[in-house]
Amino acid sequence: MEDEKKSLNFIEQIIEDDLKSGKHKEILTRFPPEPNGYLHIGHAKSICLNFGLGIEYNGKTNLRFDDTNPVKEDVEYVDSIMEDIKWLGFEWNGEAHYASDYFDQLYEWAVDFIKKGIAYVDDQSAEAISATRGTPTRPGTDSPNRNRTVDENLDLFSRMKNGEFGDGEKVLRARTGMDSPNMHMRDPVLYRIKHAQHHRTGDTWCIYPMYDFTHGQSDYIEGITHSICTLEFENHRPLYDWFLDQIYDSTKTRPRQIEFARLNLSYTVMSKRKLLELVQKNIVTGWDDPRMPTISGLRRRGYTPESLRNFAEKIGVAKRDNVIDVSLLEFSVREDLNKSARRVLAVLDPLKVVITNYPEGQIEDIEAVNNPEDESMGKRMVPFGRELFIEREDFMEDAPKKFFRLAPGREVRLRYGYYITCNDVIKDTAGNIIELHCTYDPETKGGQSPDGRKIQGTIHWVSAEKAIDIEVRIYDRLFTDEAPDGHKDVDFKEFLNPDSLEVLSHCKAELYLKNAEKGDKFQFERKGYFCVDLDSTAEKLVFNRTVPLKDSWTKQNNVKN
RNA sequence: UGACCCAUGGUGUAAUGGUAACACAGGUGGUUUUGGUCCAUCCGUUCUAGGUUCGAAUCCUGGUGGGUCAGCCA
């Protein structure tokens, strides 16, 4: 094997330069979610990036909850976030951190700012502050409170902290200047008053620091070397650096913010607000609905951690806006499951077949391979009998030449079984096909004939007598539009796919599946990859279709139609 | 009429001044007891105009197109 040099993304580039120059001996990254929702595939990209860098460069990665807004945050989210990160296969450095751990330090820094004359208490309303901030092209104007004395500011700020004012009555602002071309640098708000219960600090505080005043300082406290975030924070970087300039001690590690482009996936939405709306309006069954792009949804759908990590690797890291085709995600899970999933026979839309020349009451065991990609996964026995079920779509009464399956007078191979030929089509009074009468060739057991005659088609089947009943949930994309939230004036919910879930409650599966457990993954031969859903009971197994197999037959036909 | 950022096949990512590569998607063919897998093959004036250079996707300048920013959200 040539030791070909792996190309580096721009962040790895920066890190290698920093390591080489001696700026850092070891790197420390962090993943900083706000506990206000469940993690989605976009977060998975960030997790794989941050933790992956930690591993790649022999450094570490902190988990830090960015919990500065008590009204939106909850421990439910803290728990799910930790579960998802662990499930993805990553381990954070030490205990989980919380920005709220640093509230005391942050408050001290705020007091220092006041003493240095670079922060002041503003009495203006939110509306007034907004109105005097200017626009991107026009500078803002100074607050009438901008030149209060240090003592007055100190007094007011401590009274804010002590709860003497109501929500919104006062804020602490930095004195960075109202004429900056960067909106974020126009006297940004540092602290606001919220008389709210915090999920960790309870009612200790009634003032809470803003994101900008918290994030960089938290990085600094933890000794983060590379603080990686998404592109929309690029305009915040001057502020991030400005705060650090005020508190930086040159003996300590100074973190650097680096921005990359967030993940967008076609045919879905990624914003937590919109995902929350789908949950709250019961459009989906919950954050872990298998149609959701959440990590918990993908997990329930049958995605593996490995497939998600591979996906993150494949999409790369760069700064330009991107939309990844969902087919790449689907490819990633097929690629992984193809190697690891046991094959079984299951019929989703059963059509009865009677083999008229097969002895009544006889059942024989037929050997089947568990995974042709991996011999070590062994073989199993599948019961075969006179009455079988095959897939309804595997029979066509008036079949075209290229249809390689069952049709009147045509011979087909039952996978691992016998060759059968269809002789009679039984219909009900309405003309619906209810049963097929076939004959089998006893010489073809296992699926090959002594005379070597060519059989084009192989179809799957289960014994009618020995099959178990299962429910199968077929999922399709949640939205019919490639970019549901990319339309101005049209709500993303207008593009919901009415057929995103189809429940098949009368499916038949081979006996082997009887003892399958929740989360187990299988390939139903010729149909796709499926996993046992949480809703399964002792009486009935429920399967989720993770992803169908590639199907060049129906694709070919769709083109023709 | 601001600041910051971005521009390479349909999609995404490489090429670190020296033959535009890889993956997905799509097309075609081959193998096949899954119409799966696997294999082969096809699919590009690197946004544009200049400049620097023996040599530019890469460096510089202008243009064009796109993104982000006017929360007491993160």
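Below, chain A is the first sequence line, B the second, and so on; all start at residue 1. Below, all heavy atoms of this structure are taken into account, side chains as well, without hydrogens, waters or symmetry copies.
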Counting heavy atoms from C-beta on, name the nucleotide in [options] closest to the side chain of [X].
| X | options | value |
| --- | --- | --- |
| A/V323 | B/A74, B/A3, B/G12 | B/G12 |
| A/F403 | B/C72, B/G27, B/G35 | B/G35 |
| A/T137 | B/G36, B/G2, B/U11 | B/G2 |
| A/R192 | B/G26, B/C72, B/U68 | B/C72 |

Please answer whether B/G35 and A/W553 are stacked, defined here as ring centres separated by less than 5.5 Å and planes angled under 30°. yes
What is the pairing partner of B/U13, taking Watson-Crick or G-U wobble pairs with both distances under 3.5 Å in any strand? B/A21
Tell me if the side-chain of A/N235 makes a donor-acceptor pair with the base of B/U68, cut-off 3.5 Å, by modelled atom types. yes
Please work out if A/S332 contacts a base, only the sugar-phosphate, or nothing of the nucleic acid, heavy-atom cut-off 4.0 Å. nothing
Tell me what A/V189 touches on the nucleic acid: a base, only sugar-phosphate, or nothing, going by heavy atoms under 4.0 Å. sugar-phosphate
Given the [atom1] atoms of [N] and [M], what is the spacing between them in whole Å?
| N | M | atom1 | value |
| --- | --- | --- | --- |
| B/C47 | B/C42 | P | 24 Å |
| B/U46 | B/C59 | C1' | 16 Å |
| B/A49 | B/G27 | C1' | 36 Å |

Round to the nearest Å and state the distance from A/I324 atom CD1 to B/U11 atom P. 11 Å
With sugar-phosphate taken as primed atoms, P, OP1 and OP2 and all else as base, the protein-contact string of nucleotides 13-21 of chain B at under 4.0 Å (heavy atoms; B, S, -) is SS-B-----
Just by distance, no angles: are the side chains of A/N310 and A/S332 close enough, under 3.5 Å, to form a donor-acceptor pair? no
Below 4.0 Å: OP1/OP2 of B/U11 and any side-chain N or O of A/S266: no
